[in-house]
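Each remark here refers to the structure printed beneath this line.
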Amino acid sequence: MALHAETTVATRLVAYDKNTCPQCQAWLLAPDWSEYLNERCVRHAWSCDACGYEFETAVFFSAAEAVPA
């Protein structure tokens with residue numbers, strides 16, 4: 001069994017840049033809450049512990065493609 005530390009670090013770095021406060025650029029671990037709107041959209045509410053800024057984001061997923069059986 002081999003340890004793949006390089007892959008783990010690279011994966012963490014990809015997510016690290018995406019979770020930052022738009023006001024002060026502090027790193028945010030996770031949204032305060034998430035709301036499933038429909039099969040293609042999830043809304044997240046965030047708050048920054050460093051500066052107190054609150055904001056929402058939405059994630060839109062592409063439509064599911066029908067896979068022939």
Side-chain angles (χ1 to χ4, degrees):
M1 183 164 75
L3 177 62
H4 299 284
E6 301 83 23
T7 305
T8 305
V9 171
T11 304
R12 269 192 253 134
L13 292 175
V14 170
Y16 182 82
D17 288 341
K18 295 181 182 179
N19 297 334
T20 57
C21 174
Q23 289 291 108
C24 71
Q25 284 68 50
W27 183 67
L28 304 173
L29 177 62
D32 295 332
W33 57 265
S34 298
E35 178 181 16
Y36 171 83
L37 299 176
N38 59 48
E39 66 276 356
R40 295 188 55 211
C41 183
V42 176
R43 180 173 35 203
H44 302 294
W46 301 83
S47 63
C48 179
D49 291 336
C51 71
Y53 187 67
E54 296 179 353
F55 63 100
E56 292 184 1
T57 59
V59 178
F60 296 92
F61 302 98
S62 59
E65 295 181 18
V67 178

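Values below: all heavy atoms of this structure, side chains included; hydrogens, waters and symmetry mates excluded. This chain uses plain numbering: 1 for the first residue, then up along the sequence.
For Gln23, the side-chain contact (heavy atoms from CB on, under 4.5 Å) partners at least two apart in sequence or on another chain are Cys21, Cys51, Tyr53. Take Ala58 and apply the side-chain contact (heavy atoms from CB on, under 4.5 Å) test, not counting sequence neighbours, and it matches Cys41, Phe60.
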Mind listing the side-chain donor-acceptor pairs of residues 28-35 below 3.5 Å, one per line with the distance, residues two or more places apart or on another chain?
unit_1: Asp32; atom_1: OD1; unit_2: Ser47; atom_2: OG; d: 3.3
unit_1: Asp32; atom_1: OD2; unit_2: Ser47; atom_2: N; d: 3.2
unit_1: Asp32; atom_1: OD2; unit_2: Ser47; atom_2: OG; d: 2.6
unit_1: Ser34; atom_1: OG; unit_2: His44; atom_2: ND1; d: 2.6
unit_1: Glu35; atom_1: OE1; unit_2: Arg43; atom_2: NE; d: 3.2
unit_1: Glu35; atom_1: OE1; unit_2: Arg43; atom_2: NH2; d: 2.7

